[in-house]
S.K.: 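Sharing a structure with you now.
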Amino acid sequence: MNTVFIAGATGYLGRHLCAEYSRRGWYVTALVRDRSRARDLAADSLVEAQATDPNTLRGVMAGADLVVSALGITKQNDGLSYRDVDYQANLNLLHEALRAHVPQFAYAHVLNAAAMRDVPLVAAKCDFVDALLAADIAHTIMAPSGYFSDMGDFLSMARGGRVWLFGDGQNRINPIHGSDLAAATVDATEARRPWVDIGGPDVFTHNELAALAFDVLGRPARVTHLPDAVRRGAIQMLRLGIPRQIAGPARFFLTAMGMDMIGECHGNHQLRNHFQNAV
């Protein structure tokens, strides 16, 4: 039986990764910061450690065939920076994997990251990916287009009665459900693909996302298109001392809204069903 060591296991994607690797017959070792948050995790064993502290990682990957990291800051509010977690903590994991002679390391990145390297969240991830590519280890980098949960902003605006879009609303995205991303990740790691841009089964324009949100709510569509200069100006404003917890995700969201975010089509979960379940 192959063994996978999953970091970020109690996060949204991490939980789906544990479940999918377990379903496919892998022995799952999950890295967690707090065992109390992992009671319902689909894992064969738990390792309680702090990826930001390399001393706590010594020996935890012994015998692993694969390390998969979905580790990154989302809504943490514990004083850690993107540099601390998305870069350094993942680098600590990589160093331990090399020390333990793990043959393969997989990492959940971001689609179109090279075009967003001026965004601190993405810059930290890119710097880690550079280190991973340079390391003497087989790698698989998964770059998802965006999660279904990220599309909740469209539903929230529709609930408020109007969706605000930038430009002509024709930029496209194929968001993916976490379980479909986890399945695509297992496929990619088992095939030893070095890099895969991953999206969901359906491609939407931003206009179509707005229309879908209103349709699910049973309301007439009311959409306002703002000049794209407003989006660019908002990004500049977010550089001016706004707390990281607000500025970080907002800068990423606004930057990604200015481009197509389309990966290989994977999975079968439908965004309409996700919206309906959220209503």
Side-chain angles (χ1 to χ4, degrees), residues 6 8 11-21 23-24 42 68-70 72 74-75 106-116 119 121-122 125 129 140-159 163 165-166 169-191 193-217 221 223 249 252-279:
I6 298 177
Y12 172 72
L13 176 57
R15 288 181 175 276
H16 284 295
L17 288 169
C18 288
E20 185 64 19
Y21 275 102
R23 188 183 71 80
R24 298 209 200 179
V68 180
S69 178
T74 51
K75 299 179 181 179
Y107 176 63
H109 193 26
V110 176
L111 186 67
N112 290 341
M116 296 189 280
V119 178
L121 165 62
V122 181
K125 291 179 177 293
V129 167
T140 298
I141 296 167
M142 304 82 66
S145 57
Y147 298 117
F148 276 12
S149 56
D150 298 328
M151 302 302 102
D153 288 334
F154 287 89
L155 193 60
S156 295
M157 286 189 287
R159 281 196 184 101
V163 172
L165 299 177
F166 300 106
Q170 290 301 309
N171 283 330
R172 299 174 298 156
I173 185 171
N174 59 333
I176 189 166
H177 189 278
S179 64
D180 287 340
L181 177 54
T185 296
V186 181
D187 289 342
T189 55
E190 290 186 337
R193 295 185 65 180
W195 191 300
V196 55
D197 293 339
I198 301 174
D202 302 313
V203 177
F204 301 91
T205 66
H206 294 171
N207 287 324
E208 289 169 339
L209 286 172
L212 176 61
F214 280 113
D215 186 54
V216 167
L217 293 171
V223 178
F252 173 70
F253 174 77
L254 288 170
T255 303
M257 286 285 285
M259 64 184 74
D260 286 343
M261 296 287 285
I262 303 174
E264 291 181 8
C265 294
H266 289 265
N268 51 30
H269 283 78
Q270 302 295 312
L271 184 60
R272 173 179 290 275
N273 293 336
H274 176 77
F275 278 178
Q276 288 173 336
N277 290 335
V279 171

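Starting from 1, each residue takes its place in the sequence as its number.
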S.K.: Looking only at heavy atoms, what is the nearest atom pair of Ala278 and Leu155, with distance?
M.R.: CB-CD2, 3.9 Å
S.K.: For the CD atom of Gln276 and the CG atom of Leu271, what is their distance to the nearest 0.5 Å?
M.R.: 10.0 Å
S.K.: Hey, could you give me the CE/CG distance between Met257 and Leu165, rounded to the nearest 0.5 Å?
M.R.: 6.0 Å
S.K.: Can you check whether Phe166 reaches Leu254 side chain to side chain, under 4.5 Å on heavy atoms?
M.R.: yes
S.K.: Taking all non-hydrogen atoms of both residues, which atom of Ala19 and which atom of Ala42 are closest, and how far apart?
M.R.: CA-CB, 3.8 Å
S.K.: Who passes ring-ring contact (aromatic ring centres under 6.0 Å, His included) against His274, sequence neighbours left out?
M.R.: Phe148
S.K.: Quick check: does any side chain N or O of Asp180 sit under 3.5 Å from a backbone N or O of His269, one acting as donor and the other as acceptor?
M.R.: yes
S.K.: Work out which heavy atom in Leu13 is nearest to a heavy atom in Ala108; give both atom names and the distance.
M.R.: CD2-CB, 3.9 Å
S.K.: Do the side chains of Phe253 and Asp150 get nearer than 4.5 Å, heavy atoms only?
M.R.: no
S.K.: Aromatic rings Tyr12 and His16: how do their planes relate, parallel, tilted or perpendicular, breaks at 30° and 60°?
M.R.: perpendicular
S.K.: Compile the donor-acceptor pairs under 3.5 Å between side chains in residues 197-212 and protein atoms, sequence neighbours left out, one pair per line.
M.R.:
from   : atom 1 : to     : atom 2 : distance (Å)
Asp197 : OD1    : Trp195 : NE1    : 2.9
Thr205 : OG1    : Asn207 : N      : 3.4
Thr205 : OG1    : Glu208 : N      : 3.0
Asn207 : OD1    : His225 : NE2    : 2.8
Asn207 : ND2    : Asp168 : O      : 2.9
Asn207 : ND2    : Gly169 : O      : 3.3
Glu208 : OE1    : Thr205 : N      : 2.8

S.K.: Determine, stepwise, if the pair Phe275 / Asp215 fulfils side chain to side chain contact (heavy atoms under 4.5 Å, CB included).
M.R.: CA-CA 10 Å; Phe275 278 178; Asp215 186 54; over 6 Å; no
S.K.: Can you confirm whether Thr185 sits close enough to Val196 that some side-chain heavy atom of one is under 4.5 Å from a side-chain heavy atom of the other?
M.R.: no
S.K.: Hey, is the main chain of Asn268 close enough, under 3.5 Å, to the side chain of Gln270 for a donor-acceptor pair?
M.R.: yes
S.K.: Using the test salt bridge (charged side-chain N to carboxylate O under 4.0 Å, His left out), find all partners of Arg159 that sit at least two apart in sequence or belong to another chain.
M.R.: none
S.K.: With rounding to the nearest 0.5 angstrom, report the CG to NE2 distance, Asn112 to His109.
M.R.: 10.0 Å
S.K.: Strictly distance-based, threshold 3.5 Å: is any side-chain N or O of Thr140 a donor or acceptor partner for the main-chain N or O of Arg193?
M.R.: yes
S.K.: Can you tell me if Arg24 uses its side chain to pair, donor with acceptor, with the backbone of Ala183 under 3.5 Å?
M.R.: yes
S.K.: In Å, rounded to the nearest 0.5 Å, how long is the span from CE of Met142 to NE2 of His266?
M.R.: 11.5 Å
S.K.: For residues Arg272 and Val216, determine if any side-chain heavy atom of one lies less than 4.5 Å from a side-chain heavy atom of the other.
M.R.: yes
S.K.: How far apart are the closest heavy atoms of Asp260 and Arg172, and which atoms are they?
M.R.: OD1-N, 2.8 Å
